[in-house]
*Asks:* 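One structure, pasted below without further comment.
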Amino acid sequence: MLIFELSRPGRRATSQAPLAAPAAPAVPERFRRGSRVPLPEVSELDVVRHYTRLSQKNFSIDTHFYPLGSCTMKYNPRASNTLAMLPGFLRRHPYAPDQASQGFMACMYELQEMLMDVTGMKRVSLTPMAGAQGEFAGVAMIRAYHRSRGDEARTEIIVPDAAHGTNPATATMCGYTVREIPTDADGDVNMEALKEAVGPTTAGIMLTNPSTVGVFERRIKEIAEVVHDAGGLLYYDGANLNAILGKVRPGDMGFDVIHMNLHKTFSTPHGGGGPGAGAVGVSERLRPFVPVPVVDKQGDAYRWLTDKDLPESIGRLSAFAGNAGVLLRAYVYMRLLGREGMPRVADFSTLNANYVMARLKAKGFDLAFPNRRATHEFIVTLRRQAKENGVTAMDVAKRLLDYGFHAPTTYFPLLVPECLLLEPTETESKETLDAFVEAMGQILDEARNDPDTVKGAPYTQPNRRFDEVRAAKELDVAWSGSIREASVG
Amino acid sequence: MLIFELSRPGRRATSQAPLAAPAAPAVPERFRRGSRVPLPEVSELDVVRHYTRLSQKNFSIDTHFYPLGSCTMKYNPRASNTLAMLPGFLRRHPYAPDQASQGFMACMYELQEMLMDVTGMKRVSLTPMAGAQGEFAGVAMIRAYHRSRGDEARTEIIVPDAAHGTNPATATMCGYTVREIPTDADGDVNMEALKEAVGPTTAGIMLTNPSTVGVFERRIKEIAEVVHDAGGLLYYDGANLNAILGKVRPGDMGFDVIHMNLHKTFSTPHGGGGPGAGAVGVSERLRPFVPVPVVDKQGDAYRWLTDKDLPESIGRLSAFAGNAGVLLRAYVYMRLLGREGMPRVADFSTLNANYVMARLKAKGFDLAFPNRRATHEFIVTLRRQAKENGVTAMDVAKRLLDYGFHAPTTYFPLLVPECLLLEPTETESKETLDAFVEAMGQILDEARNDPDTVKGAPYTQPNRRFDEVRAAKELDVAWSGSIREASVG
Amino acid sequence: MPFIPHTESDVREMLDAIGADSVEALFDEIPSALRVDGLRGVPPAMSEMEVTRLMEARAGEDATCLNFIGAGAYEHHIPAAVWQIATRGEFYSAYTPYQAEASQGTLQLIYEYQTMMSRLTGLPMSNASLYDGASALAEAVLMAVRANRKSKARKVLMPTSVHPAYRAVTRSIVGSQGIDLVEVPFDRASGRVDVASLSGFEGGDVTALVIPQPNFFGVMEEVDALTDWAHANGAQAIGVVNPVSLALLKAPGEWGAKGADMVVGEGQPLGAPLSSGGPYFGFMCCRKEHVRQMPGRVVGRTQDADGREGFVLTLQAREQHIRRSKATSNICTNQGLVVTAATIHMALLGPEGLERVAGTCMNNTAALVEKLKAKGFEVAFSGERFHEAAIRLGADAEQVMQRMADEGVLGGYPLGRDDPDLKDVLLLCVTETKTEADLDAYVEALETAVSSVR
Amino acid sequence: MPFIPHTESDVREMLDAIGADSVEALFDEIPSALRVDGLRGVPPAMSEMEVTRLMEARAGEDATCLNFIGAGAYEHHIPAAVWQIATRGEFYSAYTPYQAEASQGTLQLIYEYQTMMSRLTGLPMSNASLYDGASALAEAVLMAVRANRKSKARKVLMPTSVHPAYRAVTRSIVGSQGIDLVEVPFDRASGRVDVASLSGFEGGDVTALVIPQPNFFGVMEEVDALTDWAHANGAQAIGVVNPVSLALLKAPGEWGAKGADMVVGEGQPLGAPLSSGGPYFGFMCCRKEHVRQMPGRVVGRTQDADGREGFVLTLQAREQHIRRSKATSNICTNQGLVVTAATIHMALLGPEGLERVAGTCMNNTAALVEKLKAKGFEVAFSGERFHEAAIRLGADAEQVMQRMADEGVLGGYPLGRDDPDLKDVLLLCVTETKTEADLDAYVEALETAVSSVR
């Protein structure tokens, strides 16, 4: 039942708006709204009950193991939420003058400093509001760099075929042509193809390391040399930073610019699809170009640097200073972990991934890169099961829901057929992983002996499998019923 | 799975205790604990996931209609929770000096004043921590009153047979003998029996009005006269105050002392069984005896009155000043309702009860008191169904769970066979009530046509019906497993 | 109309179904002479926004001082997860789990709570909670009288090292039941009960002896000797303990040769904020043979019709709604939500965490005592301490505390409030929440205040 | 180890299963020369208690001033229920609903959100949110270029009455895509765009016209005339609106003869706290024919294998994970949690509540303007206002604002920051949160500051 279907004319949560109806405001006729907005008319209890019950229909980290590859679904500390929502932080207007903002700015400054150390970069800007916006900022800085040198010939961005879809999309948004290069059988970038691809039109390369196929790009120094020698810059997609936190730093690998998904590595909540935060870090040569604002410290006082201070900046990406509340959550998480906690994240996320990989292999699953270490994630391919039993990666994913586990990422990266990308994260216990492996083993048995059961899954959720074609064809993105006539049973 | 069964030696939520293990504290051997407390050893995620999932196994007001008679399960405003948990309130130590407590004390003083007005009493003490403790305070004050007059012969408390079990239990705790009087067929106190019962040994009478059978005691003034003429006092059990809020005041009916269940009438949360708050109010003659502390106002300053100020007080009932956080929630609720909102509570809780009563009667249910108005609650008796179909009140209660409704109160009051006591409360909408009535109608059909289905209910909950005899006989109130050897699947 | 969903047409349709002309008509059985016309003492309604502003101002008035008061209510870190989960609607807005099948969340949680408390105290049986520590002691006294069938005297020995408010509450509650509460003085040098001082009661009929650990002054009592004395004299041994201290101190179930018979205490240090004194919760554990004398609700594990395990309220035959005037207590609602928080709190701390908290509290208190000694202050009692210390100031402690509060430091509880001989003694408490800098701030504030008062 | 559950024996057993000697061995594919030895720039770990104390001190530093700044971020009452429900773990810790069957909570909520936004704006199609209002405008500009296939010029007219930060963000984002952003000046007397001033563009190829309502100065634009002008000139009309104002102002879908083609705006006033500027959310609605050009996620209603209704992410063929370099946008994560809050917020307010909020804001602003006029201050622009007003101070507005802040009143946004001709103009905002006493406090603080600066 939709909230609109609970609506009755005249019903209201009266405490929530001014008690006295205001005198008719002086809106001239030509600007005035014709009729009242048809929002739902419901009581406070209706709202609380409706959304509380809706929430219970979700799988989430707080209720289920959620090994969604590339998304780093680890425990989101409850303290981060409490502390970012302290009244002093919630009430601060983004244009409050610096003298009334030193507490908040101190947190942001220290967050910038910590992220610089973690990535080995020379300046950090916190303003991008998600990973994709961080990517945009990164590529825009590469462009600004080449332009500042009068190097206008560089029109191409190189992207491995296994890259996140955001990478080529971002390059296009920045006015670049995308040149894809293939991945070797063992998951590394194909060096021959890279060498062929680079040249005077190369603006840069976008890489993830560990890569999207779950392995560490071993020849990263060589790649950096090839690209740098050709006059290009290296962009680091920080989606997989969790795997190497405190172990290797993108700056040390030779990257010029990085975005970090704070909602992955630094455990801010995913919130059903955001908000994220996509802070960017840059090497020395890109320092002038970072998006504004950033926080500077002068003596004991913090102040904002804007485009007046950084005239070569690529500019603003958000109306104010990014997703401040998300940044505060990341700050809290980093202070809780501290310098000791950072490498442990890499240690145990890697341990968990390799453990699940080893056990799934023992259960009879095929690995996409059987000769490689897993990083914090790894890929299983269901190609054999699809061929032999007609059971696809999607079927296995849906069947996992019935066993009480969220599915891994399916069909990404595109180059591995029928793939599942699994990322257990460091916060899950061996017992949980073992239970998951057992479920996977049972599903494999079902695939062999009773494939229709797997193909028909799920059976235990609020809905069976959906008709997605119908959703796109008979598009229904907003309820068209009338709240005035709604009838409720 | 129990939290203990998730335990593994050495696992910890490390952020939650001092990071550095303290130097061995100087506990002499003879006082020292032998071995570490065998609490569960789990991670923070384990705890969050375990208790989040456990919570989802509960019915609650926020998720289900909960017409539990005599419990007033109405919407608990979320604002009450937020505002009572403001850091300034949470941090206040109960022994903080008055100068650092004026904000809190102002709330308590105003709450006392509002409760006096709502009940028509002359002084209110907020310290009792639940209805039953309020009852205790009330009867103790009656005792203190008679003693202060040297009237030691009054050894009996009169209680109607339909009273809450707490009434006779309280009278006994206060050293009184209980004398029960019967209820008339139409739900009023039997006046003849009352007149026979009163006399020089009568300390007082404990009444609820509206009574526990869901009707208003029409001859209350006559009862008050009879008891007062015999030298007894009248005690008002405030469990049903919701029905008459702003309509009639116990003080005006002639009551000398009242306890209020703030978690019912003033909508503080029931919390899975508390905390409640059982403020007491008294007439002029009982003013000297109220439990301490109470808040007084002198000029602009608030101060605590203790037994030094009120030497005839029955004393302290809690270590500090009662369930302060619950009192703050009640205060917020009363300010939200205001003087206009109070009588509406009575209006609409009464309307809802009479509506459901009328509709259930039309569906074929038998009412315990068919000739009376319902107050905020009313009684259905399943005597006929029990005899004809073998379906009891308990069976109907359990079957309601399958329809997504919490059950009404069953088998109380004891004098009505196979009874269900229904209290819809004012915060439920007509649509919800209609859906409930339809479910009841269907269950009645099932009782006639398929009684075994009803008798076997529930089917949709985490468990089927429990073996309560086994629970009491093979008593298992604490898990006896060892966390060291626990095995988890 | 806040919280009332009725539209005008709803009201009309409902009245039609009832067969009444107006809502007012539904009140026609109430004698009209009794009807009240408006509530003048209640202010007009406010919007949530207005109440929010009012309450934020009120909460802001109560200065956030650096708190060193303990005396029965202790400031500890409470993990953020605790109340975020406890206030989930499914816990917050449910009631007592009368319908067990639809309340397994609350019921399993209470069963886990009972298990934790049983493990903490070393006694096998726990109830689902009582109101607070003080009223729990009163209930324990009543329970001891019921449980000790051999004793006819209804005489309970109550050391004056028990929290004065607990003694007062016990008097209020058991006062009308013919129970003889005899106060036993503590030793003025050590700050604890000297077992020898009980000799006058030997050979007489003593129903029970109350044994606080640590006691009101933070001093450790000779629990083994006291427990053995009680048993040797046919009395029940009732422990009153701080649950956090039990991470370090001997479990009551192991006191003396046979262990305490029952133990109660204030649950607040296990996850309840100071919050002006409540809601907290009282806990109670006892030996197996006394379980049917225990007041309050108890959850038990059992099986359902399909043989699956689950949890129900049990032993309801003791309770008032069944036994009425013969019930073990009139208790009905208890402190469920705070117990929910405490269970989550204990799970988050775990055995080692709780031990670290207790150890840090104890060490911090010792550190402050050392600093104060270095400044020439004396400790009033020689007995070993947990996390409180009674400091002799050489000045009126009530005045000193007031002066310190004006400077933003809550210095402690002036013991002269309950004992005129201790007018110059302040009872302070240092928990794990305090840093070295806080201790120094305390010393400075105390010295300043003392010198201004002397 | 915070948040890591592994015991020593777990690690051993897991390494055995892997066939590795140590955790370190799992990193053996990383060239050792690259390995970093410790992070000196990150401070040592803190306990939750320590971080709590730090953050409470930091939050406390930022004085809680009486706020009259608007300028794109508006202080409104947010019902307590909103964030208590939005931060329930099931919403807070879920991700994008890729597995629709296990995400119906989030999916249905977004469908309800889309419906609400569509109703508010009068345009039938809504996406599931963008990052914020400013970046939403940039996306709308890109979308207009895609949608207006007849236009080849890629020329977008951007009035300078649009929020300066929105203009800056749009420049940053669309700058590399060969789009010609032409700034159109507003009329200095009325504070809004004079349609006549667009005459120079008539007959040329204009791709889109941006129309703010109310505009940055709180002034109402002649939306009907501007929309009709755009359509008459083959341009798309892009609205940028404050959603709360839409309770009173004409829905963009009804602007002019045909309605705006697309509308975006900042969702913050619908339940997001000020919170230093984020997380907020951008909303976007459009005509049906443009839906496949819309960036961001979209939820649609469909049926499952049993024919039961439910909700899924749809139109994914537009998105980057499918279309890669040909996607409509690179957006991936959006602002789901804030949308969750906004949906609950709108449901709680309902149509009448939202209207009361908007009306009270507008009246309060008018009341403050009257008070200021009575003191001799002038309003800089003659156009009708919603809930902001540009006040001419006869003194440097930046300095006045600083002085007022020292007295605890945030007086507004100094317009001279973006426009040197408006150095003595302060843009103030009064929402429903302000009382009569607050307005008087404002007047007093402003007068004092102005006289000290003049």
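Below, read A as the first sequence line, B as the second, and so on, with proteins coming before strands; counting in each chain starts at 1.
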*Asks:* Taking atom CD of C:Glu48 and atom CG of A:Leu19, what is their separation to the nearest 0.5 Å?
*Replies:* 11.0 Å
*Asks:* Count the heavy atoms of every other residue, nucleotide or ligand shown that sit under 6.0 Å from NZ of A:Lys57, and state whether that count exceeds 12.
*Replies:* no
*Asks:* For C:Glu90, is it the side chain, the backbone, both or neither that has a heavy atom under 4.5 Å from a heavy atom of chain A?
*Replies:* side chain
*Asks:* Which atom pair, heavy atoms only, marks the closest approach of C:Thr7 to A:Arg8?
*Replies:*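 Heavy-atom minimum between the residues: CG2-CB, 4.0 Å.
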*Asks:* Pull out the residues in residues 43-52 of chain A that come under 4.5 Å of chain C, heavy atom to heavy atom, sorted by number.
*Replies:*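 A:Ser43, A:Glu44, A:Thr52, listed by number.
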*Asks:* Can you tell me which of C:Glu50, C:Glu56, C:Met49, C:His6 forms the most heavy-atom pairs within a distance under 4.5 Å of chain A?
*Replies:*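 Most pairs with chain A among the choices: C:Glu56.
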*Asks:* From A:Thr14 OG1 over to C:Ile4 CD1, what is the distance, rounded to the nearest 0.5 angstrom?
*Replies:* 8.0 Å
*Asks:* Does any heavy atom of chain C fall under 4.5 Å from the side chain of A:Ala13, the backbone, both, or neither of them?
*Replies:* neither
*Asks:* Is the count of non-hydrogen atoms from other residues, nucleotides or ligands lying under 6.0 Å from C:Glu444 atom CD greater than 12?
*Replies:* no
*Asks:* Just to verify, what does C:Asp306 make a side-chain hydrogen bond (donor to acceptor under 3.5 Å, both in side chains) with, not counting sequence neighbours?
*Replies:*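 Expected list: B:Arg464.
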*Asks:* If you measure from the Lys or Arg side-chain nitrogens to the Asp or Glu carboxylate oxygens, is any gap between A:Arg11 and C:Glu8 under 4.0 Å?
*Replies:* no
*Asks:* How far apart are the C-alpha atoms of C:Ser47 and A:Gln16, what are their side-chain angles, what is the distance that settles it, and do they pass the side-chain hydrogen bond (donor to acceptor under 3.5 Å, both in side chains) test?
*Replies:* CA-CA 6 Å; C:Ser47 69; A:Gln16 300 304 348; over 6 Å; no
